[in-house]
Amino acid sequence: MSERHLSEQEIIRRQKLQQLQELNINPYPPESFEINVTAKDIKENYERDKLNYKNISIAGRILSIRDMGKAAFAVIQDATEKIQLYIKRDEICPGEDKTLYDVVWKKLIDIGDIIGVNGYVFTTKTGEISIHVLTFKLLAKALKPLPVVKVDESGKVHDAVTDPEFRYRQRYVDLIINPHVKNIFIKRTKIIQSIREYFNNKGYLEVETPVLQPIPGGAAARPFITHHNALDIPLYLRIANELYLKRLIVGGFEGVYEFAKNFRNEGIDRTHNPEFTGLEIYVAYKDYLWMMEFTEQMIEKVVTDLYDTTDLEVEGKIINFKAPFKRMTIVDAIKEKINIDISLCSEHELRELCKKHHVEVDETMGKGKLIDELFSALCEKELIQPTFIMDYPIETSPLTKKHRNKPGFVERFELYINGQEIANAYTELNDPIDQYHRFEEQVKLKQKGDDEAMYMDYDFIRALEYGMPPTAGLGVGIDRLTMLLTNQHSIQEVIFFPQMRPEKISEPETETTS
RNA sequence: GAUUCCGUAGCUCAGUCGGUAGAGCAUUACACUUUUAAUGUAAGGGUCCCGGGUUCGAGUCCCGGCGGAAUCACCA
C-alpha cells in the first residue's frame, strides 16, 4: 500500500472527521433523512403559500458559509436549486452547552459537506428567501475541498472551473459547481423521453438486441474486439444494431426501436466518442418518403417538448424546426453549388471534379464515394436549416433498397441540421439475393484492405430469405442531436464520462518484487 | 497521426531580461446575532506536469516524454 499524498486541507479534514467521531457524531450516518421539500419548491412557492413552509426538512451540499459571531449564513444545494440557511447559535443550542454551534458548526462543518436541516422558511431583510435552521445533521463529510465558485451581485461568475480535463475527469465535481452542466444532461434525458413517448404513442415496441456480436454489422466502422472464454470465440462490440432490428421485423414485429450504445474503434474528437448512443427504428410496410415525414414530426415534437417553441438559436443562428423540412437530392445539392449534374459524370470526370474543388481522393474510391466526398466538401456545412438530402449513390449504401426509378441510386435520406448529419434513413433492402450481392461487394472491398467494409452475414441473409416486409428504417445520433438542441460545440459536453486517456497514477518508489 | 497553444498552492490565475515562488478565493486562529463575491486582523500551504541539456544560476531558454484543448487528417 502506498501512502497517498494529502494536501494540507485534506489532512485537516481527516482530523475533523476524527473530532466528530470523538463527539459521537457519525460523519456517515446510515439511516434515512426524510425531506419534505426541495429548494426549488421553496423558491417558487413560498411567497404564495407561506403557511406551508413552517416546518420543513431539506438536505443538500454546503456551497458556502458566512460565519458571523453568534449567527451564520450558509448556502446549500439540493438536486433542484441553491438555498440560503440562517443559523443562530442560541437556537440550535438552547442550553448552556454551545458545542454544537461553536465546535461542530463553526469548526467541523466545511464547504462540500452534505447536511440535512429542519426549520422554517423566512425572508431576510435583504429579501432573500432563506431557511431559518432549528436543527441540522451531518449526512456526509467531504474529505476533499470543493472548488469554490462565487457569483457576484451582477451575476458574474468568479473563479469558475473551466479546465476541460478537470471537468471531464471529475464530472461529479463539474456537476456540483457548474449548474448549467447539469441542465444539459437533464435536457439529454428529456430528448430521449420525448422520442420514446412519440414512438410508444404510435404503438412501436422498444426492444434490446445484442451488444456482443459475432459479426459486427449494420455500419461501416472499425469494431472493438473481445473474446468469449467459454465459447472460445472472438466477439465484437456492436457498431450498430440495424441487422438485429431487421431480424425482428422478419419475426413479425411491425415497429421496433432501440436506444443503443454503439462502439467504434476510431479517433476521438469534438464530434466522436468511442461509445455513443444511436437510436434506430424500423417500421414495416413503410418507405423512406413516409419516414421523412415521421422524422420531421419527431424532431419538431422533441424541440417543442424541450423549449415550447420551434425556433432555436444554435451557435448564433436561428434554426426553425417546424415541419415540413426542405428536401433535396444529393445530385441537386451538388448541382446547386457547381452547376454540374454529377449523375451524368463518369468516375474519371468525378475524380477531376474532386481535384478541381480540392477534395482529397485516392485510388480506391469508386463513383459513390467520390460523390459523397464532393457533397461533404461542397454542401454539408451550409445546410443550416433542417434539410433532407435524398437518393444516395448505391455503392455507399449496401443495406438500402435500389431507387424505384433512378438507376445507380438508393432510397436513402440523411437529415442535416446546422451543417451536421443528425439522422440517416432508408427504404430497407429486403431482397435477399440483392442483399447477398451487396455483401459480396463489401467482402471484396475488405479483401482490398478496406477495414471498414462490411462482413458477410449469412444468418441475416437467411432471415431475409424467409421474407421481410417492405420496411423503412431510421437512425439518429442521440449525442449529436443533444449537442444541437443544447447548443454545445463538443460531444464531451453531452456525455457524462467522455473517453479520455487514463490518468497516470504516479507510483512511489517501490522495491521490485522477485 | 500532423500542427499550434496550454500545464505554477485545493480552485482561478500572475510571474518582467534567466537571479530567494506571488495574488484572490479556499484553509487555520481570533473578532463579529440578517450576511450574500460578507467583513477586519494574523498565519500556514509549492514535486512550478516528468526527465534530460545549456548556464555560476532555469518556473522562465533548448531537447525528449506525459496529459489536455483547438484546427486539420481519419471516421460515409
Side-chain angles (χ1 to χ4, degrees), chain A residues 5-13 15-16 63-75 82-91 101 106-107 110-112 122-128 130 132 142-170 173 177 219-222 239 264-274 276 330 360 362 365-366 368-376 380 389 392-393 395-398 400 412 414 421 424 450-454 489-490 492 498 500-504 506 508:
Chain A
H5 173 77
L6 295 178
S7 69
E8 181 194 34
Q9 294 191 47
E10 287 173 301
I11 291 165
I12 289 167
R13 290 200 180 203
Q15 289 165 353
K16 290 179 178 182
L63 293 187
S64 69
I65 297 174
R66 294 181 290 281
D67 281 330
M68 300 183 49
K70 295 179 185 65
F73 290 91
V75 173
K82 295 175 182 141
I83 191 154
Q84 180 169 263
L85 307 181
Y86 177 59
I87 299 179
K88 258 169 132 166
R89 186 187 71 173
D90 295 335
E91 277 180 350
Y101 184 83
K106 283 183 83 168
K107 307 278 186 201
D110 288 301
I111 291 171
F122 76 114
T123 306
T124 65
K125 73 178 184 191
T126 52
E128 180 159 350
S130 308
H132 196 120
L143 294 182
K144 286 185 87 69
L146 191 69
V148 176
V149 180
K150 299 204 172 187
V151 183
D152 67 22
E153 214 167 305
S154 65
K156 192 173 182 238
V157 179
H158 297 260
D159 298 340
V161 176
T162 55
D163 174 24
E165 185 168 7
F166 186 108
R167 291 185 45 234
Y168 302 152
R169 287 199 195 278
Q170 302 187 50
V173 179
I177 62 181
R222 275 180 280 258
I239 56 174
R264 296 187 184 176
N265 204 341
E266 285 157 358
I268 298 174
D269 65 23
R270 192 174 73 69
T271 54
H272 297 84
N273 194 63
F276 63 99
I330 190 168
E360 269 189 51
D362 64 59
M365 289 179 179
K369 180 78 181 162
L370 292 168
I371 292 172
D372 223 74
E373 292 291 326
L374 268 176
F375 172 76
S376 296
E380 211 174 286
I389 298 297
Y392 283 69
E395 295 89 337
T396 53
S397 311
T400 314
R412 171 179 181 179
E414 292 188 345
E421 181 199 331
N424 180 18
D450 182 350
D451 52 4
E452 280 158 13
M454 291 183 187
H489 188 67
S490 164
Q492 297 170 111
M500 297 184 93
R501 233 176 257 278
E503 268 179 286
K504 196 178 152 196
S506 54

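Please read these numbers as outputs of a predicted model, since none were measured by experiment. In what follows, chains are A, B, ... by sequence order, proteins preceding strands, each numbered from 1.
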Next on the checklist: Starting the side chain at C-beta, find the nucleotide from rU35(B), rA76(B), rA69(B) nearest to R412(A).
Outcome noted: rA76(B)
Checklist entry - Looking across every strand, which nucleic acid part, if any, lies under 4.0 Å from A160(A) by heavy atom: base, sugar-phosphate, or nothing? => result sugar-phosphate
Item to check | Watson-Crick or G-U wobble mate for rG64(B), both contacts under 3.5 Å | outcome: rC50(B)
Next on the checklist: Both distances below 3.5 Å, Watson-Crick or wobble geometry, any strand: find the nucleotide opposite rU71(B).
Outcome noted: rA2(B)
Next on the checklist: Any donor-acceptor pair, under 3.5 Å, between the side chain of Q84(A) and the base of rU35(B), if you only look at N and O atoms?
Outcome noted: yes
Next on the checklist: For R412(A) and T400(A), which I'm curious about, is there any donor-acceptor pair between the side chains at under 3.5 Å?
Outcome noted: no
Checklist entry - Do D372(A) and Y392(A) come within less than 4.5 Å of each other through their side chains, counting heavy atoms only? => result yes
Next on the checklist: Could you identify the nucleotide paired to rG19(B), looking across every strand shown and requiring Watson-Crick or G-U wobble geometry with both distances under 3.5 Å?
Outcome noted: rC56(B)
Checklist entry - NA contact type, S7(A), heavy-atom cut-off 4.0 Å: base, sugar-phosphate, or nothing? => result sugar-phosphate
Checklist entry - E153(A) has a side chain; which of rU33(B), rA37(B), rG68(B) sits nearest to it? => result rA37(B)
Item to check | Which nucleotide in rA76(B), rA70(B), rU34(B) has an atom nearest any side-chain atom of R270(A) | outcome: rA70(B)
Checklist entry - Could you give the CZ-to-C1' distance, from R167(A) to rG68(B), as a whole number of Å? => result 13 Å
Next on the checklist: Both D67(A) and S397(A) contact RNA chain B. Which one's nearest nucleotide lies toward the 5' end?
Outcome noted: D67(A)
Next on the checklist: Applying ring pair (Phe, Tyr, Trp, His ring centres under 6.0 Å), can you list everything that pairs with F375(A), at least two apart in sequence or on another chain?
Outcome noted: Y416(A)
Checklist outcome for this item: D269(A) has its side chain closest, among rA73(B), rA69(B), rU34(B), to rA73(B)
Next on the checklist: Pairing donors with acceptors under 3.5 angstrom, does anything connect the side chains of E380(A) and S376(A)?
Outcome noted: yes
Next on the checklist: Measuring only the C1' atom in each nucleotide, how far is rA9(B) from rC48(B)? A whole number of Å is fine.
Outcome noted: 10 Å
Checklist entry - Are the charged groups of E91(A) and R89(A) less than 4.0 angstrom apart, N to O? => result no
Next on the checklist: For a quick check of understanding: with a heavy-atom distance under 4.0 Å over all strands, which category does H132(A) fall into, base, sugar-phosphate or nothing?
Outcome noted: nothing
Item to check | Carboxylate-amine/guanidinium contact K16(A) D110(A), below 4.0 Å | outcome: yes
Checklist entry - How is R66(A) classified with respect to the nucleic acid when contacts are heavy atoms under 4.0 Å: base, sugar-phosphate, or nothing? => result base
Item to check | Protein-to-nucleotide contact annotation, 5' to 3' order, nucleotides 23-30 of chain B [B base; S sugar-phosphate only; - none; under 4.0 Å, heavy atom] | outcome: -BSBSSSS
Checklist entry - If you measure from the P atom in rC13(B) to the same atom in rA69(B), how many Å do you get, rounded? => result 16 Å
Next on the checklist: In whole Å, measure the gap between the P atoms of rU27(B) and rC11(B) for me.
Outcome noted: 15 Å
Next on the checklist: Can a side-chain donor-acceptor contact be found between S7(A) and E10(A) if the only test is distance below 3.5 angstrom?
Outcome noted: yes
Checklist entry - Which of the following nucleotides, rU34(B), rA76(B), rG68(B), is nearest to the side chain of E165(A)? => result rG68(B)
Checklist entry - From rU34(B), rA76(B), rA69(B), pick the nucleotide closest to the side chain of D372(A)? => result rA76(B)
Checklist outcome for this item: Closest to the 5' end of RNA chain B, once A220(A) and R169(A) are matched to their nearest nucleotides, is R169(A)
Checklist entry - Looking only at atom P, what distance separates rG57(B) and rC72(B), rounded to whole Å? => result 45 Å
Checklist entry - Between rA37(B) atom P and K82(A) atom NZ, what is the distance in whole Å? => result 13 Å
Checklist entry - Touch check for Y101(A), heavy atoms < 4.0 angstrom, all strands: base, sugar-phosphate only, or nothing? => result nothing
Checklist entry - From rA70(B), rU12(B), rU35(B), pick the nucleotide closest to the side chain of D163(A)? => result rU12(B)
Next on the checklist: Quick check: do R264(A) and R222(A) have side-chain heavy atoms less than 4.5 Å from each other?
Outcome noted: no
